[in-house]
Engineer: 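Can you read through this structure? Questions will come right after.
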2 protein chains.
Amino acid sequence: MVFDDIDKKLLEYLQSDSKQTNKELSNKLNLSVTAVYERIKKLEKDGFINKYVALVNKDRVDNAFVAFCHIKLIQHTQDYVMKFEKEVTNLTEVLECYHISGDYDYLLKVIVKDMAAFREFVVKKLTSINHIGSTHSMFVINEVKHTTAISF
Amino acid sequence: MVFDDIDKKLLEYLQSDSKQTNKELSNKLNLSVTAVYERIKKLEKDGFINKYVALVNKDRVDNAFVAFCHIKLIQHTQDYVMKFEKEVTNLTEVLECYHISGDYDYLLKVIVKDMAAFREFVVKKLTSINHIGSTHSMFVINEVKHTTAISF
DNA sequence: GTTGAAACAGGTTCCCC
DNA sequence: GGGGAACCTGTTTCAAC
């Protein structure tokens, strides 16, 4: 597929504000509205754009406590790994989960109400998943930067 | 401000798909289109909704290499901290930056082309910021889960 | 908060180059 | 592939309840 510099620009614009009209985008890209429309549809169809979402302001949400959890599994058989990943994915408190290199196997980003809720989450939900060896938690003191936009 | 269970539901819907029509939302919430419209405008005005964005599929982007970097500062004077945070925020490779508890001061989520580009990033950009003591990097082997939607 | 209608803007389609 | 005009769907505003 063709994926040129205009598409990259377009993706950057849509990543920063998806509510722009095609007319606004056509001005920025020096294209016609139709061309913008067709390029966007193409990017959606070809899976470059996953979805369009509203981003919620964490500061306005009461008691948004964010933590990162390192997790080590006891064993790494395919069974254990797949089961762990499936169960972790189902936890609404887990916003992100990465299989990573290093001392630990996984890094989780978790959001809960407060420290008490975090303790509850670790004890009741996280460590109740079998095969977890050890965990190590870090608490977010301040969110310095957070963007969903990838630069091209 | 009133922020009831309907608003929470509405935010959850908009976080999962912001392109739904007000009519679709009105069906899900058992409200009129006008009521949905007014609630959304209120949530936007009151800052609950930061913005609307397109989420790009990392798998379709050539060579999206993601790493997490722990960073320790040499000193923690207000000057150093603010300068570091400002410079890190300006790096397009840095998607997220958190001031965290624990052995390190900061946790960064970085996206670059490949391992070579990561090395380049660390040597040329990251450690050229003054006052950085030590860094420790972890590489993402697989993204198991990634959502921007907070549950209420 | 609801309904309905009217006005408008934007998305979508089609035909042209 | 891009441009222009017609069409159509959704948003926005307003009235009355």
Engineer: Starting from the first five and the last five pairs of the helix from C/dG1-D/dC17 to C/dC17-D/dG1, work out the angle between the resulting helix axes, to 10 degrees.
Structural biologist: 20°
Engineer: My understanding is that only residues two or more places apart in sequence, or in another chain, count here; which of them pass side chain to side chain donor-acceptor pair (under 3.5 Å) with A/Asp4?
Structural biologist: A/Arg39
Engineer: Return each pair, listed once, that meets side chain to side chain donor-acceptor pair (under 3.5 Å) where at least one residue sits in residues 69-80 of chain A; pairs must be two or more places apart or across chains.
Structural biologist: A/His76-A/Asp105
Engineer: Just jot down the salt bridge (charged side-chain N to carboxylate O under 4.0 Å, His left out) partners of A/Lys41, sequence neighbours excluded, or say none.
Structural biologist: A/Glu44
Engineer: Applying the 4.5 Å side-chain criterion to the ILVMFWY set and letting contacts propagate, would A/Tyr98 and A/Val94 be lumped into a single cluster?
Structural biologist: no
Engineer: Going by the salt bridge (charged side-chain N to carboxylate O under 4.0 Å, His left out) test, which pairs reach into residues 21-38 of chain B, not counting sequence neighbours?
Structural biologist: none
Engineer: Listing request: all side chain to side chain donor-acceptor pair (under 3.5 Å) pairs with a residue in residues 141-152 of chain A, at least two apart in sequence or in separate chains.
Structural biologist: A/Lys58-A/Glu143
Engineer: Can you work out whether B/Arg39 or A/Glu38 has the more 5'-proximal nearest nucleotide on DNA chain C?
Structural biologist: B/Arg39
Engineer: Do any of residues 21-34 of chain B sit with a heavy atom less than 4.0 Å from DNA chain C, and if so which?
Structural biologist: B/Asn30, B/Leu31, B/Ser32, B/Thr34
Engineer: Salt bridge (charged side-chain N to carboxylate O under 4.0 Å, His left out) with A/Lys83: which residues, sequence neighbours excluded?
Structural biologist: A/Glu87
Engineer: Only counting residues at least two apart or in another chain, list the ones meeting salt bridge (charged side-chain N to carboxylate O under 4.0 Å, His left out) with B/Lys8.
Structural biologist: none
Engineer: Name the orientation class of the two ring planes belonging to A/Phe3 and A/Phe48 (parallel below 30°, tilted from 30 to 60°, perpendicular beyond 60°).
Structural biologist: parallel
Engineer: Measure across A/Ala149 and B/Leu95 and return the closest heavy-atom pair with its distance rounded to 0.1 Å.
Structural biologist: O-CD2, 3.4 Å
Engineer: Check the distance between D/dG2's C1' and A/Ile40's CD1 and give it to me in whole angstrom.
Structural biologist: 15 Å
Engineer: So, is B/Tyr37 close to the D/dT13 phosphate, meaning a side-chain N or O under 4.0 Å from OP1 or OP2?
Structural biologist: yes
Engineer: Counting the benzene-type ring for Trp, do B/Phe68 and B/Phe139 have ring centres under 6.0 Å apart?
Structural biologist: no
Engineer: Enumerate the salt bridge (charged side-chain N to carboxylate O under 4.0 Å, His left out) contacts for residues 116-130 of chain B, please, sequence neighbours excluded, ordered by first and then second residue.
Structural biologist: B/Glu93-B/Lys125, B/Glu120-B/Lys124
Engineer: Can you pull the contact range of chain B along DNA chain C, 5' to 3', using atoms under 4.0 angstrom from its heavy atoms?
Structural biologist: C/dG1 to C/dG4
Engineer: List in numerical order all residues of residues 11-20 of chain B for which some heavy atom is under 4.0 Å away from an atom belonging to DNA chain D.
Structural biologist: none
Engineer: Between the main-chain N or O of B/Gly47 and the side-chain N or O of A/Asn57, is there a donor-acceptor pair closer than 3.5 Å?
Structural biologist: yes
